[in-house]
Structure formats: structure tokens, C-alpha cells
Amino acid sequence: MTRFIARRAASAILLLFATSVVVFGIFEVIPSYNPARAIAGRNATPTTVQQVSEKFGFDKPIYVQYGNTMKLIFTGQIIDYQDNLNVVDQFSQRFTVTLSLVVPAAILWMVSAIALGSISALRAGKLMDRGVMVAAITGVSIPVFLLAAVLLYLFAFRLPWFPNTGYVHFGDNPAQWAYHLILPWIAIAVLSIGFYSRVLRSSALDAVSQDYVRTARAKGLTQRQVFVRHVLRNSLMPIVTLFGLDFATLLGGAALVTETVFNLPGIGQYEANAIGNLDVPPIMVGAMFTAFFVVLFSALSDVVYALLDPRIRITG
Amino acid sequence: MNEQLLEVEDLEVSFATEDGLVRAVSGVSFTVSRGEAVAIVGESGSGKSVTVMTLMGLTRSPNSRFAGTALLHGEDLISAPEDKLEAIRGKEIAMIFQDPISALSPVQRVGAQIVEQIRAHEKISKAAALERAIELMGRVGIPNAQERARAYPHEFSGGMRQRVMIAMALSLSPSVLIADEPTTALDVTIQAQILDEIRQLSAESNAGVIFVTHDLGVVADIADRVLVMYAGRLVEQGTVDDIFYDPQHPYTWGLLGSVTRVDRDQPRRLPAIPGQPPSLVQAPPGCPFQPRCPHAFDRCRELPPLAPQLPDAGHLDRCWLKPSDKRALRETDGRIGLTEGAAS
């Protein structure tokens, strides 16, 4: 186990390094990219731009710039070019919003996908199954930006059941917190519900024809016991894999569309702004933040694999 | 001994497939008594596995059709509703499967799998069930059962896994035990041990045993009576001695002739029955073996009944040839050439 953690930590460091180099490098090759001009403002004179460039070190060789940026990131002093805000502070403030959005949405999509996938597998070929699968493919096909906008239009504007965007801190008012987040949760969950339920259905149908399921039936277990203890248990593996990655990227800021549409001040919204303005420091931090979660959750899914299937051993 | 436990009457099983209705089992009738071991033999696709799976209700699906009855303690296993069947199977009628590697759940400890079997039918605590599971594992010859109950199936050898299956199947002392090719997936040295375990433990509880196999060595070793199946039908039925020393159906001769024998000069190639079993979708009319039978004649276009043709009423076969002709043909048929004197 120690070995496992050590190796995963080493690979995390490597991955973070690679990510930061790639992201930093991308901006060197963007033709019109000139951070000094952006910082100096639209009406700045060439002299001002020159001064800004010197002050921020944009005139130095790229490896020096990279080194400086990384130093600022890891000392927590990095500021964005757009608003002169401390990026690390922004991330730590906004992370609670992203957590509020992503964690309940993840619970919602896992529970719904397992329920719908199970129903579909149990009624395979029947009307119920077809209905669920059509709904699922529809859910997968709707782009998040469209779904979010439609939800907002229908249930906040046309029918004023839900508030029109915005965020309330859980500590201030838990009920309002949930009330403001219901539509965003749905917007994020629908895609994964559709996708995961289809994956679960097909892996459950594979499991149903396994010999050990036949044994379970031969034992005289009820259909329900056979399904839950033998079929479902053995078909969770693929969705655990999917979940690890999806959850990690969402925590890292991949919910940017939803956060932007619903005006939730999370990491995704910050990232979306940064990308629009080619604001390198938040983009760098965001990319590394995501990479960190991806490494963390792929390690965690390996642990869950081993719990689900004793034939799998955790090795580095 | 002669109390009839299981009475199967005119069992028909067919499956709707894209190619048409597959008649996997047609008009199969037989009985199993307490303490009796009945072997069902036949080549792959003869319907032997489907027959026993149907007794367990394991062939039920939206695409399967059944007719006939299978009475166990007066309850019809074929028409029983699912919840009634759930109460019967595992308790009154249990099954050991062919491949113990895939038949045990890979993610559950073996002790827990036996516990699950016991607790499906008896209201006892997990701890008490586990104690019984460990005792059962000891009885089927698993050393160090206390500790091994906590192991997973992949930590067992094939033979040990099959012992776990046996312990599981026998955990509630079922009156009928079905063993579907229980030794096929095991190596030869283990086969005999496993057969011994099954024989001994089923004798202890005086259970009726149905062996499904294509291994005639196993049949000779363990069975009291033999049912020979071909293309979904019983073609011959009799005691082990009947079948081995006085086989009546040409298909049975063929089966016996295709076994290697250490007491004879070895032929250059192992004899085989020429041809293929008929399609079960559109079975030809008449005797199903007719297209492959070297002795077929006009009358074989009509299906012969499964009937006793010898003074011995327990020995039935489905062939139009006269017993005297059969004996004569059997003697002169070089490929099969089985005689009473030589089979020892």
C-alpha cells in the first residue's frame, strides 16, 4: 500500500510538471498573444506596454518565465492579469461552490444511473427498457449548454419555480443553497445519467449470463437477491472507471458551462473567464488542479476495484 | 430404495430462436428413486443438459416453451410459479455444475457462498450458517476448512472448487442432486475423488442423483441406471449392465464403440459415428438416428416408441429392429463389435 501511494504520488508530480509545461508552452505559440498589452490596457502607449513587459518579466527567456510562474504558484503569490486577484485565493474560495455543485450532482447521477440501468437490464427488450434507453440516449445527446439554458428558460423564467441563477452559501441558508442548485445539479447529471445507465445495462446483461449467476439462481435465491448480490455487484466496474475520471475533471473545473450559465462563482466560471481573456496564471493553475484530481481519483478507483473484485491486487 | 422421488413425464423443451423453434427436448420420461444414481448420456447437443436445467427451472426465459411434468414430492417443477420454485431449488433439488471456475462467484468468499445457500432456505444466523458451511467443507475433503472458508474461489484449485460446489449443493440435504458433467473440467486424478465424494455424500442422505455426462467411464463407475439421449429424445434406457453388455439401440453401440479400450488392440483411429446429429429446428420425421444409422430400413421413417422389447421390462429402447437382429448386427458390425464376453 505504501508502495502504491509512493508510486502514484511520483506519477502525480510528473503529470503536474508535464501539464504545466504543455499549458505554458501553448501560449508561446499563440500568434496574437501579448500579455503585456492586455495588462497595460487598450489605450496604453508602447512605452507603457514596454514597462509592463519588463515588470512582469515577459522580456525574459521562456524557461525563466516558466520558472518564475511556477515559483509564484507554489508560494501562493500568483495573480491573474485580468483583475489582479490572487489566483490561489480565488481557487480556494471558489472550490466550495464547485464542490456544492459537483458532489450532490454526482450522487444524483450515480443513484439514478444505477436505478435506471438496473430497471433496463431487468426488463431487457421490454417497453420499459426501450423507453429508458431512448431517454438515456437523448440525455447523452443534449449539449450541456443547451440543456442548462433550456432548464433556466423553462423552470426559472417561464415557470418561476426556481431562482434565476445565483449562489447562496450553504452556511448562510442550506435550504436556499439547495434551491439555487437544483437546476444546475440536473444540468450536470443528465449527461452522465444517460451514459452511465447505458453502460450499466450492458454490463449487467453480460453478468446475467455468467455461470455464477446461474448458480445463484440454482441456490434458490429470489430474483432480487440474485440481481443485487450477484449481477449488480459484478457490473459496477465500468461505471466506477467512468466515475473516477468524470468526477475528477468536474472538481477540477470542467463544470464551466453550467457554472457560467447559472452564474455560479465556482472554479469553472473563473476558468471560463480566464480562457476568454487568455489569462495564463489561472489557466495554468486550473490545468494543474484538474491533473491533480485526475491522478487522485484514478488511484482511488484502483482501490475501489480491489474492493469490488478480490482478484485484483493493488500494486504500484 | 424404490420410493420414486422424481417423475418426469413427456417433457418437452423448445426455444424460439431466429432460425425457428429449436426442439431441444422431446417426449422425455424417466424416474429417479431414493438412493439411485441415474446417468444421462449423449453427445453435445443431445438435450441432456437442457433436460436437467429445466428440472431446476434454469431454462426459463421469454423464449422457452415447456410441456410435460416433472413431479418432485407431488410438486410440478415445470409449471411451478417462480416463488415456489425458488423455495424448492437449492433445498429439495440441487445442482453441481460443469465448470467450478465460473460457477462460483469470483467476488465472494467461498464460506459466504455456502452461507448464502443455507440462509436462502433456513432462518438461521450468519454465524451458525458459517459454522455449518465450514463443517460441510471439511466433510467434502477441504483441508483447513476453518481458514479456507475465508478464501476466494480464485485461491482454490479446480478440484477444490468443485468440492466447494458439492458442499454447497449438499448443504441442505436435497432429495435430488443433479451433477452436470461434474468432472469434465477437472484432471483425471481428481475426477475419481470427486465422483467418490458425490457418491458417498449422496448415499449418506439417501438422495437420488442424476449424472449428466458424455464420459462412459464415469457412467460405468457410478450409475445404477442409464438414459441414452439423442437429438432431444431418449433412445435407450436400462441398467448399467443392460447398456454396457446388451445395448439395443445402434446409437448406443456407436457411443460404446467410440471409447478407447485398454483391453483391446488399438485401432489406428478411434472409431466415431459418421455424420452429424440432425438439426433440432426441422427434425426429420421418423427415428432421429435414421440418417446416420447403418442399419436403417423402410420402417425407420416412422418414429419408433420407447418400449421394452426384451423380457426385461426395465430395458427400453427406441428402435424398430428385432432384438435378435440387433444382436446379430452388433456381433458382425466390425466398427462396434461389442460382445458380452469381451466387455469386462
Inset, instruction - Select one option (side chain, backbone, both, neither) describing which atoms of B:Leu104 are under 4.5 Å from chain A's heavy atoms. - result: backbone
Legend entry - Non-neighbouring partners of A:Arg229 that pass side-chain contact (heavy atoms from CB on, under 4.5 Å), sequence neighbours left out: A:Leu221, A:Gln225, B:Glu116
Legend entry - Pairing residues for B:Arg199 by the side chain to side chain donor-acceptor pair (under 3.5 Å) criterion, not counting sequence neighbours: B:Asp196
Legend entry - Heavy atoms from other residues, nucleotides or ligands near CD of B:Gln146 exceed 12 (cutoff 6.0 Å): no
Legend entry - Side chain / backbone / both / neither for B:Ala103 at chain A, heavy atoms under 4.5 Å: both
Inset, instruction - Mind ranking A:Arg217, A:Arg311, A:Lys219, A:Arg233 by heavy-atom pairs under 4.5 Å with chain B and telling me who comes out on top? - result: A:Lys219
Legend entry - Where B:Ser102 and A:Asp211 come nearest, the two heavy atoms and their spacing: OG-OD2, 2.6 Å
Inset, instruction - Locate the shortest heavy-atom distance separating A:Asn234 from B:Val107; write the atom from each residue and the value. - result: OD1-CG1, 3.4 Å
Legend entry - Pairwise side-chain contact, B:Gln108 with A:His230, heavy-atom cut-off 4.5 Å (strictly under): yes
Legend entry - B:Pro106 to A:Pro310 - nearest heavy-atom pair and separation: O-CG, 3.4 Å
Legend entry - Contacts with chain A made by residues 147-184 of chain B (heavy-atom distance under 4.5 Å), listed by residue number: B:Tyr152, B:His154, B:Met165, B:Met168
Legend entry - Exceeds 12 heavy-atom contacts within 6.0 angstrom, atom CZ of A:Phe289: yes
Inset, instruction - Kindly check if the number of other-residue, nucleotide or ligand heavy atoms within 6.0 Å of CD (B:Glu12) is above 12? - result: yes
Legend entry - All side chain to side chain donor-acceptor pair (under 3.5 Å) counterparts of A:Ser100, not counting sequence neighbours: A:Tyr167, A:Trp177
